[in-house]
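Values below: every heavy atom of this structure, side chains too, minus hydrogens, waters and symmetry copies.
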Amino acid sequence: MNKILKAFLLYILFSSQLFANWSDLNTGIVDNLKGVRFWGTNGVVVGEKGFYYTQTGGNGPSSWNRFVITANYTDSLVYEQCSFSAIDSHTSNIAYICGQDTIANRSVIFSFNVNTLTYAIVFVGPVGSALNNIKFNTTGSLLFAVGDNGFVVRSNLSAYNIVSIGINNDLNSVSVNAGKVVIAGDGVMVNCTDNGSTLIPTVYNHPLVDIRSAYPVNSTSIYGVGSTFYKFTSGGGVYTSMSNYDPVILNGNDIFYSTSGFYIATNSGIYLTDFNATYAEFQVNSGNLKYNKIWFTSTSSTLGYAVGPNGLVVKTSQGGVPNKPYARILSSNINCKGDLSSLVAHPGSATNCNWVLNSLPISSTCGGLNYTFNTEGTYTLSYIVWNSSGIYDTVSKIIEVVLPPLTNITVDVNDSILCKKEAIVITLDTSQVGYVYSLNTAMQSNNLGACMGGNGSAILNSDSLDTGGSYFIKVTSTLSQCYKIITDSIDIVVEKTKANFHNSYINSNTTEINTIFDNSDDAQNYLWTFPVGSSPVSSSIQNPTVSFTIPGYNEIKLVVWSDNGCFDSIVKTGPFVYIEPQPEDTCWAFAVDGEDPPYVNYYSPGFLDINKVKTGYLISGRTYKDIFTSRLGLSYGRTETRGGVLCRYSSNGVLKWMIMNRDFTPTPVGSIESLVASCATDKDGNIYNRK
């Protein structure tokens with residue numbers, strides 16, 4: 001190691017004093033302890049073989065006694081047969097302890113008053129039941145306990161009810177906060193609402209998640225621990241894993257929420273996260289010991305206890321600090337020779353930092369810094385952090401600094417005008433070994449095709465492109481994320497040629513001239529094909545006129561293309577062709593079929609005007625979901641929304657055409673309705689709305 005760096009680390013190690021915080025109470029208890037509660041100098045710990053109490057603070061073996069039952073043989077037998085698993089406190093000096101009578105194979109809950117040394121067996125479950133965890137709500141009025149095979153108990157301390165939550169997973173944890181009861185186990189998270197008599201569960205299955213302990217931060221976020229640290233969102237339905245801690249596997253057994261962050265009891269010490277739980281730091285004075293449970297007297301208190309195997313009980317009055325800072329370098333290898341590079345790191349809870357490049361200090365900032373690499377090559381970047389207690393952490397990263405790629409090269413494209421969705425072939429006249437050439441939009445973050453560079457030209461085959469605009473070639477080093485943009489842009493036009501048309505008439509007799517209106521997109525050329533017997537049978541103009549001679553349905557085909565050769569076609573039904581009724585058969589009655597709107601009080605459909613014109617009748621008004629029937633041929637109408645309507649009928653009741661507008665007002669209250677109130681025509685047949 002470089003002498004400067006070595007001296008620097010020695011200074012950190014020996015320039016300050018470590019302050020022990022977690023202290024071992026040396027209980028002398030021979031048991032695997034599963035929980036702890038204290039009230040001043042009174043305290044209770046629960047082990048697999050029983051529960052143990054102190055009335056003198058718990059420091060030293062002489063301060064602790066194992067509780068025994070002598071006055072009641074039956075209760076004593078149950079107590080001695082029990083394997084206990086968890087504890088929680090109800091009121092001052094009163095604890096509730098759960099477990100299983102291993103001989104009778106039944107779950108049990110004891111209450112125990114450490115001040116008076118009195119007890120009660122308050123619950124005995126059915127055969128085959130076991131309880132693993134117990135918790136009171138914040139007011140202490142409700143108790144919840146969970147165990148194997150989906151077993152859940154809810155109690156108001158006068159009645160104990162078994163609650164079904166519809167699962168058979170083994171349940172390890174129950175917590176209450178923000179109005180939610182959160183139950184967790186291997187492969188499952190259950191977010192429950194208490195309705196006053198039972199639990200209403202929402203079950204989220206997570207087969208790959210081992211949840212040993214969980215805590216609801218608020219109504220939508222839950223944090224949990226197991227082999228890693230889990231953040232659950234959406235009430236428990238979505239989770240992510242946090243890995244920002246040492247060692248790599250957390251092995252968390254319990255989590256306790258504090259205003260300082262989240263305390264985690266693990267198989268190798270106690271950890272404290274920052275409040276947002278983005279990283280977890282080892283509390284060095286907790287040692288590399290296994291802890292089953294951790295508890296503080298309140299979420300804002302620094303007085304806490306943790307328990308583990310072999311009667312382990314440790315205590316802190318200062319929140320367990322100091323922590324070993326967790327340092328990490330966040331920046332990627334974005335380094336081109338001569339460019340200003342952004343070096344970003346996280347110091348954890350450290351108050352002092354040093355950046356070291358190839359064993360030489362370059363900065364003492366605890367945040368990020370900008371640095372220019374003036375020589376290409378391989379660098380070792382180290383980030384060293386320490387706190388006021390002289391506890392340090394260091395992290396290193398290999399940085400590759402490369403020469404910037406060439407950008408003034410010629411780019412050729414096989415086709416810059418595309419039809420709907422096509423790939424392009426890009427030829428780069430010069431490319432370099434060790435660089436990747438990728439096609440991107442102006443955002444420079446979406447790879448739309450890439451190729452490796454070589455000593456000469458390179459071919460880049462793009463993905464299918466469906467959007468026109470300017471595209472760029474991004475050149476990125478394979479060693480670092482040094483990149484440049486080639487100066488030549490690629491301008492792409494994507495034509496979205498789409499064939500469509502509509503008829504001038506819904507129904508047409510054999511003597512009428514129809515205009516067929518083009519509604520195509522990105523089209524400049526047209527080929528119409530009409531049914532046999534039509535006049536004409538084909539046309540190449542945009543909006544042709546045609547008459548039909550064969551009664552019934554008629555199909556029209558339209559092929560369109562752009563001047564650049566982008567084609568599209570469509571076949572649609574044209575107007576229904578009918579033979580005009582004989583003069584003596586002209587009696588007809590106008591009829592509309594449909595349904596009433598759901599907001600009749602605010603919107604009343606109806607026909608406001610029927611106007612006789614030379615070509616028949618104009619009918620106007622407002623509609624909801626109405627179908628206008630035709631005496632002959634096709635009927636037509638509105639099927640989705642309300643609004644105004646104007647249609648024309650022939651004198652003998654054939655629906656000829658219809659126009660509609662929509663009322664876009666989201667609610668009927670106070671809306672201005674779209675309607676066609678009354679129409680008039682002039683001598684040329686033009687129609688006017690007289691609203």
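For the residue pair Asn65 and Tyr52, no side-chain donor N or O sits within less than 3.5 Å of a side-chain acceptor on the partner. Under 3.5 Å, the side chains of Ser349 and Tyr279 contain no donor-acceptor pair of N or O atoms. One side chain, Ser341 or Asn335, offers a donor N or O that lies under 3.5 Å from an acceptor on the other. Gln55 and Thr41 form no side-chain donor-acceptor contact under 3.5 Å, judged by distance and modelled atom types alone. Side chains of Asn292 and Asn32: a donor on one and an acceptor on the other come within 3.5 Å. Side-chain contact, Asn276 with Thr278: no donor N or O sits under 3.5 Å from an acceptor N or O. For the residue pair Asp210 and Ser227, a side-chain donor N or O sits within less than 3.5 Å of a side-chain acceptor on the partner. Residues Ser221 and Lys231 have side chains that never bring a donor and an acceptor to within less than 3.5 angstrom of each other. For the 3.5 Å distance criterion, the side chains of Ser141 and Thr139 qualify, holding a donor opposite an acceptor. In the model, Ser213 has a side-chain atom that pairs as donor or acceptor with a side-chain atom of Asp254 under 3.5 Å. Ser111 and Asn113 share no donor-acceptor pair across their side chains, judged by distance under 3.5 Å alone.
Qualifying salt bridge (charged side-chain N to carboxylate O under 4.0 Å, His left out) partners for Arg66, counting only residues two or more places apart in sequence or in other chains: Glu80. Shown here are the ring-ring contact (aromatic ring centres under 6.0 Å, His included) partners of Trp355, two or more places apart in sequence or in another chain: Tyr383. When the ring-ring contact (aromatic ring centres under 6.0 Å, His included) test is applied to Tyr291, no partner is found at least two apart in sequence or on another chain. Listed by chain and residue number, Arg212, Ile249, Asn267 satisfy the side-chain contact (heavy atoms from CB on, under 4.5 Å) test with Asn251 (two or more places apart in sequence, or in another chain). Scanning for side-chain contact (heavy atoms from CB on, under 4.5 Å) contacts around Asp170 gives Asp148, Asn149, with sequence neighbours left out. Residues passing the salt bridge (charged side-chain N to carboxylate O under 4.0 Å, His left out) test with Asp194, sequence neighbours excluded: Arg154.
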**Report entry** side chain to side chain donor-acceptor pair (under 3.5 Å) assessment of Thr193 paired with Lys180
**Finding:** CA-CA 6 Å; Thr193 300; Lys180 294 293 181 182; 3.1 Å; yes

Requested in this report: Check the pair Tyr53, Leu117 against side chain to side chain contact (heavy atoms under 4.5 Å, CB included), reporting the backbone distance first and the verdict last.
Outcome: CA-CA 9 Å; Tyr53 65 91; Leu117 300 183; 3.6 Å; yes

Requested in this report: Please report the C-alpha distance between Leu199 and Val181 in whole Å, then the side-chain angles of each, then the deciding distance to 0.1 Å, and finally whether the side chain to side chain contact (heavy atoms under 4.5 Å, CB included) criterion is met.
Outcome: CA-CA 8 Å; Leu199 294 176; Val181 180; 4.1 Å; yes

Query raised in the report: Which is it for Val146 and Phe151 under the side chain to side chain contact (heavy atoms under 4.5 Å, CB included) test, yes or no, and what are the steps along the way?
Result: CA-CA 6 Å; Val146 298; Phe151 189 62; over 6 Å; no

Query raised in the report: Can you list the steps and then say if Val122 with Tyr160 is a side chain to side chain contact (heavy atoms under 4.5 Å, CB included)?
Result: CA-CA 8 Å; Val122 297; Tyr160 288 77; 3.3 Å; yes

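Put simply, the side chain of Gln100 gets close to the backbone of Ser129: a donor and an acceptor are under 3.5 Å apart. Between the side chain of Ser63 and the backbone N or O of Gly60, no donor-acceptor pair lies under 3.5 Å. Under the 3.5 Å distance criterion, the side-chain polar atoms of Asn177 are matched with a main-chain donor or acceptor of Pro216. A donor-acceptor pair is defined here as one N or O able to donate and one able to accept, closer than 3.5 Å; such a pair exists between the side chain of Ser173 and the backbone of Ala214. With hydrogens and angles ignored, the 3.5 Å screen pairs a side-chain donor or acceptor of Asn21 with a backbone N or O of Val321. Under a 3.5 Å cut-off, the side chain of Asn156 and the backbone N or O of Ser158 do form a donor-acceptor pair. Under the 3.5 Å distance criterion, the side-chain polar atoms of Ser155 are matched with a main-chain donor or acceptor of Ala159. A distance-only check finds a donor-acceptor pair linking the side chain of Ser76 to the backbone of Ile69 [under 3.5 Å]. In this structure, Lys324 contributes its side chain and Trp386 its backbone to no donor-acceptor pair below 3.5 Å. Within the 3.5 Å criterion, the main-chain N or O of Leu312 finds no donor-acceptor partner in the side chain of Asn310.
Counting only heavy atoms from C-beta outward, the side chains of Val46 and Leu33 never approach each other to under 4.5 Å. Residues Trp39 and Val114 meet the side-chain proximity criterion, which asks for heavy atoms closer than 4.5 Å. Side chains of Asn172 and Asp186 form a contact here, defined as non-hydrogen atoms less than 4.5 Å apart. Looking at Asp75 and Tyr119, their side chains come closer than 4.5 Å, going by heavy atoms from C-beta outward. The shortest side-chain heavy-atom distance between Leu171 and Ile165 falls under the 4.5 Å cut-off. You'll find the side chain of Arg37 stays beyond 4.5 Å of the side chain of Ile97, heavy atoms only. Under the 4.5 Å side-chain criterion, counting only non-hydrogen atoms from C-beta, Leu157 is in contact with His90. Between Ile264 and Ile270, every side-chain heavy-atom pair lies at or beyond the 4.5 Å cut-off.
Taken from OG1 in Thr266 to CG in Leu250, the straight-line distance is 6.0 Å, to the nearest 0.5 Å. The distance from the CD1 atom of Ile200 to the CG atom of Asn195 is 4.0 Å, given to the nearest 0.5 Å. Note that CD1 of Ile211 and CD1 of Ile255 are 11.0 Å apart. Values are rounded to the nearest 0.5 Å.
Ring to ring, Phe262 and Tyr257 are close: their centroids are under 6.0 angstrom apart. Taking the six-membered ring for Trp, Phe256 and Phe296 have ring centres closer than 6.0 Å. Taking the six-membered ring where the residue is Trp, the centroids of Tyr223 and Phe229 are separated by under 6.0 Å. A centroid separation of 6.0 Å or more is found between the aromatic rings of Tyr230 and His206. A distance below 6.0 Å separates the ring centres of Phe51 and Tyr79. The aromatic ring centroids of Tyr96 and Phe110 lie 6.0 Å or more from each other. For an aromatic pair to be called close, the ring centres must be under 6.0 Å apart, and Tyr263 with Tyr271 fails this.
Looking at every heavy atom in both residues, Ile167 comes nearest to Val188 through CD1-CG2, 3.9 Å. Of all non-hydrogen atoms in Leu131 and Ser85, the two that sit nearest each other are O-OG, 2.7 Å. Residues Phe84 and Gly47 approach most closely at CB-O, 3.3 Å, considering heavy atoms. Nearest approach of Asn42 to Asn115, heavy atoms of both residues: ND2-OD1, 3.7 Å. Of all heavy-atom pairs between Asn285 and Trp22, the closest is O-CB, 3.5 Å. Scanning both residues, Cys353 and Thr365, for their nearest heavy atoms gives CB-O, 3.5 Å.
Under the 30°/60° scheme for interplanar angles, the aromatic rings of Tyr239 and Phe232 are found to be tilted.
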